[in-house]
Amino acid sequence: SVNPSQGIQGQTENVTITGSYFTGATSVSFGADITVNSFTVDSDTQITANITIDGAATSGYRDVSVTTPEGTDAEVDGFMVVALPTLSTVSPSQAVQGEALSVTITGADFFGVTTVGFGSGITVNSFTVDNSTQITASIAVSGSATVGTRDVSVTNAAGTATLTSGFTVNQAPPAIASVNPSQGIQGQTDNVTIIGSYFTGATAVDFGLGITVNSFTVDNATQITVSITIDMAATAGHRDVSVTTPGGTDTLTDGFLVVAMPTITSVSPAQGIQGQVLSVIITGTNLFGVTTVGFGSGVTVNSFNVDSGTQITASIAVSGSAIVGARDVSVTNAAGTATLTNGYMVNQAPPTITSVNPNQEVQGGTLDVTI
């Protein structure tokens with residue numbers, strides 16, 4: 001080993017060479033541009049050499065050799081000359097908040113670099129000195145990093161080189177996660193909260209056709225509060241919600257629902273028998289946002305699906321003891337309840353015989369029989 005294993009241009013220092021069979025050493029060499037002023041064989045396993053590195057020595061590795069009457073041994077790349085680094089370019093020279101990427105730094109005299117910095121909000125996960133003119137760094141830009149330029153720096157034993165404004169952090173495009181409330185009634189004015197990320201500096205918020213955005217406030221990077229008015233004649237149904245910032249535009253497809261008073265026009269099939277389980281289709285208008293479907297006493301709605309603004313498919317079970325006769329069918333959303341009077345009929349189930357007891361008798365017998 002050689003310790004220290006590096007030195008700066010123009011420096012004079014003592015270096016310890018460790019090994020074996022050094023007794024009687026006649027010469028020590030540190031390669032081009034390094035003068036060995038003197039050396040002392042401290043023991044068979046150690047030599048102390050006083051060296052001077054030329055002020056113009058090329059940065060990089062040198063072989064270190066020791067010669068004795070028995071021969072010469074060299075430690076390949078045993079000593080490194082370090083010079084003050086310089087920075088020329090960074091590529092890519094920009095990234096968005098929250099991005100992780102690989103960056104190539106070019107310059108000169110990168111040998112011995114121990115630290116690479118990209119400024120506040122950027123973490124250097126790792127870096128590799130590829131050669132004297134190139135470093136490859138893996139960096140992560142914080143999601144909350146301040147938008148703007150950063151100085152890029154590299155440091156070795158000779159000092160620190162800085163590329164002023166060498167890297168730029170750009171705002172990430174917004175991302176919408178949810179809208180609350182996610183629906184509103186025709187004619188209503190309401191405050192709506194949009195949750196997501198990278199909302200700083202938002203310039204526009206849109207709720208689609210028939211909805212006016214009266215105003216909005218960017219509460220923080222993850223929340224916007226919006227005052228909206230839904231037109232009385234706005235078509236019931238879903239709307240896309242979008243947010244625009246200097247970083248771009250994001251859209252939450254079907255992010256908001258306009259609810260109108262529903263109507264029911266028909267139920268198919270319109271009847272069932274006691275004890276039956278079946279699927280029923282309800283047709284009408286403005287069925288978006290329906291939260292409750294009812295078929296009256298004795299009929300249970302197991303589940304339902306709003307297929308569209310004009311159709312609901314419901315799975316119902318008619319109780320075996322349901323009273324025979326007509327039932328009102330109803331659907332409810334935030335705008336109100338629509339009822340189809342006598343929209344469904346429960347019919348008596350056909351009789352079913354399971355046993356007769358007793359099931360026999362002799363000719364001429366008179367008896368009570370239970371069916």
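- Under the 4.5 Å side-chain contact rule for hydrophobic residues, Val329 and Ile273 do not share a cluster.
- Between the CZ atom in Arg150 and the OG atom in Ser93 there is a gap of 13.5 Å [rounded to 0.5 Å].
- Asp240 and Thr251 share no side-chain donor-acceptor pair at under 3.5 Å.
- No side-chain heavy atom of Val169 sits under 4.5 Å from any side-chain heavy atom of Phe118.
- Between Val259 and Ala335 the shortest heavy-atom distance is CG1-N, 3.8 Å.
- Hydrophobic clustering, with ILVMFWY side chains joined whenever heavy atoms are under 4.5 angstrom apart, groups Val346 together with Val293.
- Across all their heavy atoms, Ile228 and Ile211 have their closest contact at CB-CG2, 3.9 Å.
- Here the side chains of Asn333 and Val290 are in contact, with some heavy-atom distance below 4.5 Å.
- A donor-acceptor contact closer than 3.5 angstrom is absent between the side chains of Ser215 and Ser227.
- Note: Met232 CE to Ile185 CD1 = 10.5 Å, rounded to the nearest 0.5 Å.
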Exercise for the section: Apply side-chain hydrogen bond (donor to acceptor under 3.5 Å, both in side chains) to Thr104 and Ser91, showing your working. Expected result: CA-CA 5 Å; Thr104 300; Ser91 179; over 6 Å; no
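- The salt bridge (Lys or Arg N to Asp or Glu O under 4.0 Å) check on Asp109 picks up nothing, with sequence neighbours excluded.
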(request) Determine, step by step, whether Thr370 and Asn357 satisfy the side-chain hydrogen bond (donor to acceptor under 3.5 Å, both in side chains) criterion, reporting the C-alpha distance in whole Å, the side-chain angles of both residues, the deciding distance to 0.1 Å, and the verdict. (result) CA-CA 5 Å; Thr370 299; Asn357 184 40; 5.8 Å; no
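- Phe110 and Val81 sit in two unconnected hydrophobic clusters of ILVMFWY residues. Membership requires side-chain heavy atoms under 4.5 Å apart, directly or through other members.
- Around atom CG of Asp54, more than 12 heavy atoms belonging to other residues, nucleotides or ligands sit under 6.0 Å away.
- When side chains are defined from C-beta on, Thr136 does not count as touching Phe127, because their heavy atoms never get closer than 4.5 Å.
- Around CD1 of Ile371, the count of heavy atoms belonging to other residues, nucleotides or ligands within 6.0 Å does not exceed 12.
- Between the CZ atom in Phe30 and the CD atom in Glu75 there is a gap of 11.0 Å [rounded to 0.5 Å].
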message = Could you go through Asp328 and Thr339, starting from their C-alpha distance and side-chain angles, then the distance that decides it, and tell me whether this counts as side-chain hydrogen bond (donor to acceptor under 3.5 Å, both in side chains)?
response = CA-CA 7 Å; Asp328 293 348; Thr339 301; over 6 Å; no
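- Here the side chain of Thr229 pairs no donor or acceptor atom with the backbone of Thr212 at under 3.5 angstrom.
- By the 4.5 Å heavy-atom criterion applied to side chains, Asp77 and Asp63 are counted as neighbours.
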(request) Quick one: do Ile195 and Asn180 satisfy side-chain contact (heavy atoms from CB on, under 4.5 Å)? Show the steps, please. (result) CA-CA 8 Å; Ile195 302 296; Asn180 183 39; 6.0 Å; no
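- For the pair Thr300/Ser319, no side-chain contact is recorded, criterion being any heavy-atom separation below 4.5 Å from C-beta on.
- Across all their heavy atoms, Leu84 and Thr160 have their closest contact at CD1-N, 3.9 Å.
- Under the 3.5 Å distance criterion, with hydrogens and angles disregarded, a donor-acceptor pair is assigned to the side chains of Thr249 and Thr244.
- Side chains of Val243 and Asp250 form no contact here, defined as non-hydrogen atoms less than 4.5 Å apart.
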Yes or no on side-chain contact (heavy atoms from CB on, under 4.5 Å) for Phe207 and Ile194, after CA distance, side-chain angles and deciding distance?
-> CA-CA 11 Å; Phe207 274 70; Ile194 303 174; 4.1 Å; yes
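- Note that the OG atom of Ser178 and the CD atom of Gln223 stand 9.5 Å from one another [nearest 0.5 Å].
- Looking at Asn14, Thr40, Thr35 one by one, the single match for side chain to side chain donor-acceptor pair (under 3.5 Å) with Asn50 turns out to be Asn14.
- The number of heavy atoms from other shown groups lying within 6.0 Å of CD (Glu361) is above 12.
- In plain terms, the two heavy atoms of Met261 and Asn286 that are nearest each other are O-ND2, 3.1 Å.
- In the model, Asp151 has no side-chain atom that pairs as donor or acceptor with a side-chain atom of Thr162 under 3.5 Å.
- Side-chain contact check for Ile139 versus Leu101: some heavy-atom pair is nearer than 4.5 Å.
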| request: Check the pair Thr12, Thr52 against side-chain hydrogen bond (donor to acceptor under 3.5 Å, both in side chains), reporting the backbone distance first and the verdict last. | output: CA-CA 4 Å; Thr12 295; Thr52 297; 2.8 Å; yes
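- Tyr61 and Val129 end up in different hydrophobic clusters when Ile, Leu, Val, Met, Phe, Trp and Tyr side chains are linked at under 4.5 Å.
- Within the 4.5 Å cutoff, no side-chain heavy atoms of Thr68 are placed close to those of Tyr21.
- Here the shortest heavy-atom pairing between Thr149 and Ser165 reads OG1-OG, 3.5 Å.
- None of Ile135, Val113, Thr133 except one satisfies the side chain to side chain contact (heavy atoms under 4.5 Å, CB included) rule with Ile105; the exception is Ile135.
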Exercise. Any chance you could lay out the side-chain contact (heavy atoms from CB on, under 4.5 Å) test for Leu367 and Val369, step after step, and finish with the verdict?
Key: CA-CA 6 Å; Leu367 69 160; Val369 177; 4.0 Å; yes
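- Under a 3.5 Å cut-off, the side chain of Glu99 and the backbone N or O of Val96 do form a donor-acceptor pair.
- The number of heavy-atom neighbours closer than 6.0 Å to CD1 of Ile323, taken from other residues, nucleotides and ligands shown, is 12 or below.
- Using a 3.5 Å distance cut-off with no hydrogens or angles, the side chains of Asp130 and Thr128 do not pair a donor with an acceptor.
- Under a cut-off of 6.0 angstrom, the local environment of CD in Gln348 is sparse, with at most 12 non-hydrogen atoms contributed by other residues, nucleotides or ligands.
- Taking CD of Gln134 as the reference point, atom CG of Asn131 lies at 5.5 Å (rounded to 0.5 Å).
- Note that CG of Leu340 is 8.0 Å distant from OG1 of Thr265, once rounded to the nearest 0.5 Å.
- Annotation for Gly184 and Phe256: closest pair N-CZ, 3.4 Å, computed over non-hydrogen atoms.
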